[in-house]
**Q** 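First the structure, which I've put down as structure tokens, then a few questions once you've had a look.
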Amino acid sequence: MGDSNSLPGSATENSDNVDEISVAQDDGSLETIVQRLQDSISLGKKHKFWETQPVRQFKDIGDTSIPEGPIEPPTPLSEVKQEPYNLPSAYEWTTCDMDSEEICNEVYALLKNNYVEDDENMFRFNYSKEFLRWALRPPGYYRSWHIGVRAKASKKLVAFITGVPARIRVHDKVVKMAEINFLCVHKKLRSKRLAPVMIKEVTRRVHLENIWQAAYTAGVVLPTPVTTCQYWHRSLNPKKLIDVGFSRLGARMTMSRTIKLYRLPDSTVTPGFRTMELRDVPAVTRLLRNYLSQFVVAPVFDEDDVEHWLLPTENVVDSYLVESPENHEITDFCSFYTLPSSILGNQTHSTLKAAYSYYNVSTKTPLLQLMNDVLIVAKQKDFDVFNALDVMQNESFLKELKFGPGDGQLHYYLYNYRVRNALKPLELGLVLL
Ligand SMILES: CCCCCCCCCCCCCC(=O)SCCNC(=O)CCNC(=O)[C@H](O)C(C)(C)COP(=O)(O)OP(=O)(O)OC[C@H]1O[C@@H](n2cnc3c(N)ncnc32)[C@H](O)[C@@H]1OP(=O)(O)O
């Protein structure tokens with residue numbers, strides 16, 4: 001969620017000392033955001049749409065007199081607009097039934113050809129159909145929140161936006177929200193102000209379900225991030241990553257030294273490390289709920305959510321846990337999702353196989369060891385790269401496990417909910433796809 005939406009790839013340097021890599025770090029602090037705000041004002045950047053929305057505005061940064069919580073109260077349901085917003089006359093709304101193979105193919109193709117690219121246009125996210133079905137049909141999902149736009153004449157799908165329901169805790173308040181994702185406008189229809197109409201339409205349909213808040217991520221700066229995170233990349237197949245331009249050979253490095261630097265053991269080291277199964281859902285739910293309670297913003301998962309989001313689904317999500325060989329207690333957990341990117345314009349390779357760190361919990365096994373074991377299984381499963389955000393406790397293992405910082409940022413936002421202070425990435429316990 002996500003980025004979910006930052007760059008699909010970005011050059012990571014390979015040097016024999018990963019600690020050497022220095023990229024301007026963004027700590028998500030108030031100062032950093034104010035700096036960025038000043039930069040964008042000086043560039044004359046206005047947000048004609050976002051200035052009209054109930055989101056924290058740049059001008060309010062630093063104003064601690066405004067209380068934390070909803071920016072606008074809910075309107076009575078009878079006052080929520082009953083008809084869809086107007087589209088330009090050549091286009092019409094469609095609700096996308098993700099159960100339908102045909103519709104799923106159309107959504108897949110729109111995103112495959114038009115969704116998020118890195119800044120240099122070398123890679124584009126290629127979410128699989130199984131992944132889209134998983135991401136869009138969690139417990140309690142609303143079909144009406146899977147919104148498409150078609151050209152009236154050709155019936156071609158040209159734009160898309162989605163929401164799924166979630167319970168998200170902010171400090172001590174648990175709020176029902178929509179997680180908004182997969183906003184996409186066909187490349188030929190860009191810059192025509194279609195995105196604001198799509199956002200207003202999804203907002204209307206969320207309101208009709210009596211939900212008034214949302215969470216989303218984006219690679220672009222909008223008013224106003226709750227926090228700003230950075231992707232880190234751990235090479236698993238360095239030769240391919242260098243060949244396709246995802247990373248560069250570090251100074252004073254040869255290919256063979258680089259391959260050796262990133263080599264991993266053939267098998268995992270933690271006794272009791274195994275794949276999560278259906279029977280583990282109650283124990284994993286307890287472990288995860290307890291772990292996530294320490295973060296300022298985090299999802300509140302029940303057993304149905306854990307079964308949906310974390311029980312392994314082939315080529316979509318992988319989860320592992322540590323079961324104590326002595327007392328069979330489940331003490332640790334880790335997971336990643338599968339999100340390949342198309343490699344644009346390379347003769348030899350068409351797909352970059354990327355794993356994205358999802359939720360990880362360590363209570364007995366050191367997190368560093370747990371994540372090293374995950375890297376080993378990801379390598380066994382033939383992933384080219386393992387990506388992780390600097391959220392939760394991830395900073396504690398990134399450098400040591402030879403992750404390098406990416407060059408893009410992922411901003412997290414809340415709609416119609418004001419958080420008093422910007423968060424540090426390590427205070428965030430939420431991963432959007
Ligand atoms: C209570 C329930 C509430 C539910 C809703 C909660 C909010 C959900 C918000 C959505 C969360 C989405 C989460 C994801 O999926 S993030 C992934 C976004 N998708 C992509 O990056 C794919 C490739 N790009 C595109 O398809 C288009 O460029 C998009 C569709 C992104 C914009 O189309 P286009 O380039 O043709 O522009 P326009 O002329 O129509 O419109 C320009 C306006 O749109 C604002 N814009 C641009 N990009 C984004 C963005 N990523 N989030 C929010 N707003 C964005 C922009 O600042 C400007 O407004 P303002 O600056 O003038 O004010």
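Only heavy atoms go into these numbers, but all of them, side chains included; no hydrogens, no water, no symmetry mates. Whatever order the structure lists them in is the order used to number ligands and atoms, beginning at 1.
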**Q** Run the numbers for me: atoms of ligand 1, each under 4.0 Å from some heavy atom of Val206, listed by number.
**A**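 Numbered from 1, ligand 1 contributes 1 (C), 2 (C).
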**Q** When you compare ligand 1 with Thr203, is there at least one nitrogen or oxygen pair between them that comes in under 3.5 angstrom?
**A**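 By distance alone, the answer is no.
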**Q** For Asn126 and Tyr115, run side chain to side chain donor-acceptor pair (under 3.5 Å): C-alpha distance rounded to whole Å, both residues' side-chain angles, the deciding distance at 0.1 Å, then the answer.
**A** CA-CA 8 Å; Asn126 182 5; Tyr115 201 48; over 6 Å; no
**Q** Where is the tightest heavy-atom contact between Tyr356 and Asn387, given as atom of each residue plus distance?
**A**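 Looking at all heavy atoms of both residues, the shortest contact is CZ-ND2, 3.2 Å.
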**Q** Suppose I only count heavy atoms of Asn181 and a 4.0 Å limit; which atoms of ligand 1 are within that range?
**A** 15 (O)
**Q** Hey, which atoms in ligand 1 end up nearer than 4.0 Å to a heavy atom of Leu194?
**A** 40 (O)
**Q** Enumerate the side chain to side chain donor-acceptor pair (under 3.5 Å) contacts for residues 194-204, please, sequence neighbours excluded, ordered by first and then second residue.
**A**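 Passing the test, one end in residues 194-204: Glu201-Arg204, Glu201-Arg205.
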**Q** For Gln213, counting its heavy atoms only, list the atoms of ligand 1 lying under 4.0 Å from any of them.
**A** 1 (C)
**Q** Report the residue from Asp332, Val361, Leu321 that forms a side-chain contact (heavy atoms from CB on, under 4.5 Å) with Leu370.
**A** Asp332
**Q** Under 4.0 Å from ligand 1, counting heavy atoms only, is it the side chain of Glu117, its backbone, both or neither?
**A** neither
**Q** Tell me which one of Thr217, Val164, Thr162 satisfies side-chain contact (heavy atoms from CB on, under 4.5 Å) with Asn181.
**A**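 Answer after filtering Thr217, Val164, Thr162: Thr162.
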**Q** Would you check whether Thr217 has a nitrogen or oxygen atom less than 3.5 angstrom from a nitrogen or oxygen atom of ligand 1?
**A** no
**Q** Within the 4.0 Å heavy-atom shell around Cys184, which atoms of ligand 1 are there?
**A**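 That gives atoms 26 (O) of ligand 1.
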**Q** Pick from Val116, Val107, Leu132: which one makes a side-chain contact (heavy atoms from CB on, under 4.5 Å) with Phe182?
**A** Leu132
**Q** List every atom of ligand 1 that sits less than 4.0 Å from any heavy atom of Phe49, numbering the atoms from 1 in the order shown and giving each element.
**A**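 Close to Phe49: 59 (O), 60 (P), 62 (O), 63 (O).
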**Q** Examine the proximity of ligand 1 to Val185 and report which part, side chain or backbone, both or neither, has a heavy atom under 4.0 Å away.
**A** both
**Q** If you count heavy atoms of other groups shown closer than 6.0 angstrom to NZ of Lys240, is the number above 12?
**A** yes
**Q** Judged on heavy-atom distance to atom 1 (C) of ligand 1, which of Tyr413, Phe182, Trp212, Trp50 sits nearest?
**A** Trp212
**Q** For atom 59 (O) of ligand 1, which of Arg124, Lys48, Arg193 has the closest heavy atom?
**A** Arg193
**Q** Could you check Trp134, Tyr359, Tyr358, Tyr337 and say which one makes a ring-ring contact (aromatic ring centres under 6.0 Å, His included) with Trp309?
**A**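 Of the listed options, the one satisfying the test is Trp134.
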**Q** Using a heavy-atom cut-off of under 4.0 Å, does the side chain or the backbone of Asn114 touch ligand 1, or both, or neither?
**A** backbone
**Q** By number and element, which atoms of ligand 1 are closer than 4.0 Å to a non-hydrogen atom of Ala214?
**A** 2 (C), 3 (C), 4 (C), 6 (C)
**Q** Counting heavy atoms only, which of Val202, Leu111, Ile180 is nearest atom 8 (C) of ligand 1?
**A**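 Ranked by closest heavy atom to atom 8 (C) of ligand 1, first place is Ile180.
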**Q** Does an N or O from Val220, backbone or side chain, lie closer than 3.5 Å to an N or O of ligand 1?
**A**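 Looking only at distances, the answer is no, because the N/O contact criterion of under 3.5 Å is not met.
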**Q** Any N or O on His207 sitting closer than 3.5 Å to an N or O of ligand 1?
**A**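 Not met; the criterion fails.
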**Q** Ignoring hydrogens, just give me the one of Gly163, Pro223, Pro196 whose non-hydrogen atom is nearest atom 41 (O) of ligand 1.
**A** Pro196
**Q** Pairs of donor and acceptor atoms involving the side chains of residues 76-87, under 3.5 Å and at least two apart or interchain, shall be tabulated with distances.
**A**
residue, atom, partner, partner atom, Å
Lys81, NZ, Glu83, O, 3.3
Gln82, NE2, Val80, O, 3.2

**Q** For ligand 1, indicate whether the residue Glu51 contacts it via side chain, backbone, both or neither (heavy-atom separation under 4.0 Å).
**A** neither
**Q** Measuring from atom 57 (O) of ligand 1, which candidate in Leu189, Leu222, Asn416 has the nearest non-hydrogen atom?
**A** Leu222
**Q** Out of Ala178, Ser191, Ala159, who gets a non-hydrogen atom closest to atom 36 (O) of ligand 1?
**A** Ser191
**Q** Just so I know, are the side chains of Ile343 and Phe123 near enough to count as touching, which here means a heavy-atom distance under 4.5 Å?
**A**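 Touching, per the 4.5 Å side-chain cut-off.
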**Q** Would you say that more than 12 heavy atoms from the other residues, nucleotides or ligands in this model lie under 6.0 Å from the NZ of Lys156, or not?
**A**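 Atom NZ in Lys156 is not crowded, with 12 or fewer foreign heavy atoms closer than 6.0 Å.
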**Q** Any chance you could lay out the ring pair (Phe, Tyr, Trp, His ring centres under 6.0 Å) test for Tyr141 and His146, step after step, and finish with the verdict?
**A** CA-CA 10 Å; Tyr141 79 92; His146 303 160; 5.7 Å; yes
**Q** Measuring only between side-chain heavy atoms, which start at C-beta, is Glu179 closer than 4.5 Å to Ile168?
**A** yes
